[in-house]
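Fair warning: this is a prediction, and the values are worked out from it, not measured in the lab. All values below come from the heavy atoms of this structure, side chains included, with hydrogens, waters and symmetry mates left out.
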Amino acid sequence: MSHLTIKTKCVVCIEEFISKSSKGMYCSALCFKRNWRKLQKENTVIIPKVKPVIIKEDLLSKHYLSAKEAVVFFEISEATLRRLIRANNLKYVSLKNRFFFLKSDLERII
C-alpha cells in the first residue's frame, strides 16, 4: 500500500475520490457491482424465440397430430377442436398436458 494520495474519478458515478492504488477505478464496492452488472447485461446474447410455421403439406405423412397441427390440417378453429374433446366425440392421447389425435379419427369426425 502506498502513502501517496491519488485523486481519481469513479467510472460509474463520476465522483472524485482518493484511490488506494494507481489502478483504482471505483469509489466503492457498490459502484463496482453496478458496473459489473452493466457489463454482464451488455455481454449477454439474447436469442429470439422463433416458432416454426406449420404447413399443411408437412402434415400429410404424419399419423398422429397435435392440437395445433390438427387445427392447421383440417382448417378448423381451436375452439371447435376443444369442444369435440369436451363432448367426448374425439379420441385422444394426453402426454404432459398435450393432446395428440389419430389422423384417421379426426377425418372420420370432421
Open item on the list: Hydrophobic clustering (ILVMFWY, side-chain heavy atoms < 4.5 Å, transitive) - are Phe17 and Tyr26 grouped together?
Closed with: no

TODO: With rounding to the nearest 0.5 Å, note down the distance linking CZ in Phe99 to OG in Ser94.
DONE: 5.0 Å

Task: Hphob cluster co-occupancy, Leu65 + Val53, side-chain heavy atoms under 4.5 angstrom - done: no

Task: Distance in Å, Thr8 OG1 paired with Lys23 NZ, rounded so as to fall on 0.5 Å steps - done: 14.0 Å

- [ ] Keeping to residues at least two apart or across chains, list the salt bridge (Lys or Arg N to Asp or Glu O under 4.0 Å) pairs with something in residues 58-86.
- [x] Lys56-Glu75, Lys62-Glu69, Glu78-Arg82

- [ ] Spell out, yes or no, whether Val11 and Phe32 are grouped together once hydrophobic residues are joined by side-chain heavy atoms under 4.5 Å, including indirect joins.
- [x] yes

Open item on the list: Rounded to the nearest 0.5 Å, what separates atom NE2 in His63 from atom OG in Ser104?
Closed with: 9.5 Å

Open item on the list: Measuring only between side-chain heavy atoms, which start at C-beta, is Leu102 closer than 4.5 Å to Tyr64?
Closed with: yes

Task: Ile54-Phe100 co-clustered via ILVMFWY side chain contacts under 4.5 Å - done: no

Open item on the list: Just so I know, are the side chains of Phe101 and Leu81 near enough to count as touching, which here means a heavy-atom distance under 4.5 Å?
Closed with: yes

Open item on the list: Please list all pairs meeting salt bridge (Lys or Arg N to Asp or Glu O under 4.0 Å) that have one or both residues in residues 33-46, counting only residues at least two apart or in different chains.
Closed with: none

Task: Leu60 side chain reached by Phe73 side chain, heavy atoms, under 4.5 Å - done: yes

- [ ] Starting at CG of Asn35, measure out to CG of Leu30 and round the result to the nearest 0.5 Å.
- [x] 11.5 Å

